[in-house]
Amino acid sequence: MKLSYSPFDLKLKHTFTISRSSRDISPVVLVELEHEGIVGYGEAAPTRRYGETIETVMAFLGSLDLSGYPSPFDLENILNDVDAKAPGNTSAKAAVDIALHDWIGKRLSIPLHQYWGLDKSKTPLTSFTIGIDRREIIEQKVREAEEYPILKVKLGGSNDEEIIRTIRGVTKKTIRVDANEGWKTRETAVERIKWLEQEGVEFVEQPMPAEDLAGTAWVRERVNLPLVADENSLRLHDVPKLQGVFDGINIKLMKCTGLREGMRMIATAKACGLRIMAGCMIETSVAISAAAQLSPLIDWADLDGAILTTNDPFDGVRIEKGRMILPDRPGIGVVRRG
Ligand code: MG
């Protein structure tokens with residue numbers, strides 16, 4: 001089994017701003033895992049929020065030696081060893097996980113959703129993300145997003161009300177709000193969420209800083225909108241702690257080390273009575289298509305990472321009017337664009 005990897009700069013259609021950062025280019029690392037002539041694709045989209053950069057991903061992948069394992073079918077042993085190699089490095093670990101799953105699907109000539117027994121007609125609608133921006137740009141972005149029935153709006157700054165009013169001036173479609181830990185006091189969070197309740201918002205993601213679980217529970221008792229954990233929902237062991245604090249969790253392959261642990265988080269969340277969203281970073285169709293393969297199991301999707309870019313080197317899951325269409329291809333379902 002041979003692992004190769006290289007950095008790739010994903011270019012964004014618009015400068016992307018959330019409550020803690022702003023950027024035009026989003027670097028990822030593309031991975032190929034070759035064994036017996038079959039190549040599985042993987043991807044790492046590192047974020048500084050979780051202590052990763054392109055350099056840490058390259059260093060982690062460079063520290064791995066998969067030559068001693070009999071085949072990618074040894075996935076459980078391989079991924080346990082990869083996870084034990086060093087703490088953190090979750091996007092680098094996810095790249096290996098995705099590539100192994102892609103290889104297995106290709107070897108068996110079936111898409112992963114079929115391997116898991118999932119109904120591809122049950123993929124949820126994905127939201128389309130509107131970052132924090134000036135009024136004119138937000139109006140333009142909302143118009144460009146006309147075909148998408150659900151918007152995910154980044155708040156948590158000083159002009160939340162202006163952003164929502166601007167969007168509501170253009171469209172009445174469903175809005176999901178992501179505060180990205182931006183509201184620093186419980187009182188601010190309650191006040192903003194109560195206002196959002198009247199603006200046709202479906203739920204609020206990560207209203208409070210991740211370290212303030214008690215504050216989040218306090219907020220939840222005082223508002224009606226469901227609260228969804230993102231920065232609080234990193235890996236499997238986080239899920240049980242969120243019962244009674246949040247109403248749902250956002251699973252991202254780049255936070256949870258990939259599809260294997262993502263599936264376990266889905267099962268655990270269901271057991272805890274938590275609803276489930278699958279989200280993403282800015283990613284190519286490799287990581288997006290991988291997450292889309294398990295999306296028939298989830299309630300909400302936010303898998304727009306690839307459609308926010310202009311130079312995706314892969315063709316994979318297609319998104320038509322927000323509906324995710326899983327391709328009839330084996331594994332994660334991607335091919336390199338000509
Ligand atoms: Mg989020």
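Remember, it's 1-based here, ligands and their atoms both numbered in the order they're listed. This chain uses plain numbering: 1 for the first residue, then up along the sequence. Here the structure is a predicted model, which is why all the values come from computation and not from measurement.
The Mg ion (ligand 1) lies closest to atom OD2 when only the N/O/S atoms of D178 are considered. Note on E205: its N/O/S atom closest to the Mg ion (ligand 1) is OE2. Summary: OD2 is the N/O/S atom of D230 found nearest to the Mg ion (ligand 1).
Residue side and main chain included, E231 places no N/O/S atom under 2.8 Å of the Mg ion (ligand 1). The nearest N, O or S atom of D302 is not closer to the Mg ion (ligand 1) than 2.8 Å.
Electrostatic pairing of R275 and D247 does not count as a salt bridge here, judged by no charged N lying under 4.0 Å from a carboxylate O. Ion pair D238/R235 not flagged as a salt bridge, since none of the NZ, NE, NH1 or NH2 atoms sits closer than 4.0 Å to an Asp/Glu carboxylate oxygen.
Put simply, the residue from M208, K241, Q206 that forms a side chain to side chain contact (heavy atoms under 4.5 Å, CB included) with N232 is Q206.
In this structure, R220 forms no cation-pi arrangement with W218, as its terminal cationic atom is not both closer than 6.0 Å to the ring centre and no more than 45° off the ring axis.
Using cut-offs of 30° and 60° for the angle between ring planes, the W103 and F73 rings count as perpendicular.
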